[in-house]
Amino acid sequence: MKRRNFVKSSVLGSLASILGTEIVYGATMPEDYIPLGMQEPDPFALFNKDKEMLVLNSKPWNMESLAHLLDDKITPNKYMFVRNNGLVPENINTKEWTLTIDGESAKQKKTFTLQELKNNFKHYTYQLTLECGGNGRKEFDPPAKGNQWDVGAVACPSWTGVRLKDVLNVVGVKADAVYIGYHAIDEHLSRDPSKKPISRGVPISKAMQEETLLAFKMNGEDIPLVHGYPLRLVCGGWPASTSGKWIQGISVRNIVHDGEKMTGSSYKVPKNPVAPGENVKEEDMRIIESMPVKSLITYPKSGAVLPLNKKLNIRGHAWAGELEVSKMSYSIDFGATWSECDLEKPVNRLAWQHFKASISFPKSGYYEVWAKATDANGVSQPMLLPGWNPKGYLNNACHRIAVKIS
């Protein structure tokens, strides 16, 4: 009994240390019980996500889809990847929500209520591709720090909102403006109010594009909380980190925005090729802007088995940052030869494009189907991992699925 009491006392002490306070009535707590304050919530129920999605991190929440779950032409909420840097906001009051535009290169400081944005500006709807800059990071060797994304940190929902440029034009932008930076209400993981989890931005030219939105709807409904409700920035074709969620401020800057995760090595790659594992100085890095050409086979699921006399019908999506995809190809002989796929035009600029092909196989056995997209400038995906970089960004290697012909 003495030993049992000692063990329970030690456990209670450890739990209290984790919770940061004494567990009152801890002596009566059932054995092996985990206090609610330490239990992780169910992210699938919390964020309305499909249970096949993968949870990479819970502090902060980061989840990715699987290739075969992204088969829809318009990505539904349940398959949209989650990428957070801080804590998801709570107790949002949309009646009191405002957006303030200011900064050195704003002609005036002006605040808009959410309702004023909705009532006073024309609404636009675009399908816009968002992809985490680290999508595909798990393939880098030596490993790069950060969430070990596979291929599912990409999506192309339909977004509705007002054009950022229309709002900026009402405020007035000085001739010396070079960048905008966003400011959001999500808290740092430490809950230290002096720390910000992320505050990134884009050049003024990107901010003024017709497709750059202050969005309040996703797929025709209010944006889900985890994806930025009630207001977020959407900068299609660029790293998703530039599309700030829960925003309440935009600064018009006369310098490259220097908010959290704009300096150091965050969302940057070397200006020139480097050896794997090499340290790179900040001055030798460049900020990631337009994402590279890429594609994804969404049907069938890798591991498909079919008889020799039956054709395999594949389909998927391709995208190329600011550019269109001009050609889509597949290979069943590890890239020795390539055949063209049928490729659709995008529904609007910065939306992904859909492809399909019908494939015959010469004999029974194991095959891999490789997908390769080529952008409007003639640049194609590399067959395997592109150049190594310290943070594991921009892996646009050909997507591959395994197929067994019996």
Novice: Of all residues at least two apart in sequence or in a different chain, which pass the ring pair (Phe, Tyr, Trp, His ring centres under 6.0 Å) check with Y393?
Specialist: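 Here the qualifying residues are Y267.
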Novice: What pairs of residues pass the ring pair (Phe, Tyr, Trp, His ring centres under 6.0 Å) test when at least one of them lies in residues 191-247, not counting sequence neighbours?
Specialist: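 Residue pairs passing ring pair (Phe, Tyr, Trp, His ring centres under 6.0 Å), neighbours aside: H123-F216.
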Novice: According to side-chain contact (heavy atoms from CB on, under 4.5 Å), who are the partners of E116, at least two apart in sequence or on a separate chain?
Specialist: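 Listed in chain order: F112, T113, N120.
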Novice: According to the ring pair (Phe, Tyr, Trp, His ring centres under 6.0 Å) rule, which pairs have a member within residues 67-106, sequence neighbours left out?
Specialist: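 As it turns out, there is no ring pair (Phe, Tyr, Trp, His ring centres under 6.0 Å) pair with a partner in residues 67-106 once direct neighbours are skipped.
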Novice: I'd like to check the side-chain contact (heavy atoms from CB on, under 4.5 Å) partners of H257; sequence neighbours left out, ordered by chain and number.
Specialist: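 side-chain contact (heavy atoms from CB on, under 4.5 Å) list for H257, sorted by chain: Y179, H183, S199, R253, M262.
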Novice: Sequence neighbours left out, what pairs pass ring pair (Phe, Tyr, Trp, His ring centres under 6.0 Å) with at least one residue falling in residues 268-307?
Specialist: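 Listed by first then second residue: nothing to list.
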Novice: Can you name the salt bridge (charged side-chain N to carboxylate O under 4.0 Å, His left out) partners of D222, sequence neighbours left out?
Specialist: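 By the salt bridge (charged side-chain N to carboxylate O under 4.0 Å, His left out) rule, D222 matches K217.
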Novice: Going by salt bridge (charged side-chain N to carboxylate O under 4.0 Å, His left out), name the pairs with one or both residues in residues 313-338, residues two or more places apart or in two chains.
Specialist: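 As it turns out, the salt bridge (charged side-chain N to carboxylate O under 4.0 Å, His left out) pairs with a partner in residues 313-338, which skip direct neighbours, are D71-R315, K206-E322, E322-R349, E324-K345.
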Novice: List in chain and number order the residues that pass ring pair (Phe, Tyr, Trp, His ring centres under 6.0 Å) with Y367, two or more places apart in sequence or in another chain; answer none if no residue qualifies.
Specialist: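 Result, ring pair (Phe, Tyr, Trp, His ring centres under 6.0 Å) vs Y367: F361.
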Novice: Please list, chain by chain and in numerical order, all residues satisfying side-chain contact (heavy atoms from CB on, under 4.5 Å) with P143, sequence neighbours excluded.
Specialist: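 Partners of P143 by the side-chain contact (heavy atoms from CB on, under 4.5 Å) criterion, ordered by chain and then number, come out as D141.
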Novice: Going by side-chain hydrogen bond (donor to acceptor under 3.5 Å, both in side chains), name the pairs with one or both residues in residues 382-391, residues two or more places apart or in two chains.
Specialist: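 Passing the test, one end in residues 382-391: no pairs.
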Novice: Sequence neighbours left out, what passes side-chain contact (heavy atoms from CB on, under 4.5 Å) with S302? Give chain and number order.
Specialist: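 So S302 forms a side-chain contact (heavy atoms from CB on, under 4.5 Å) with I401, A402.
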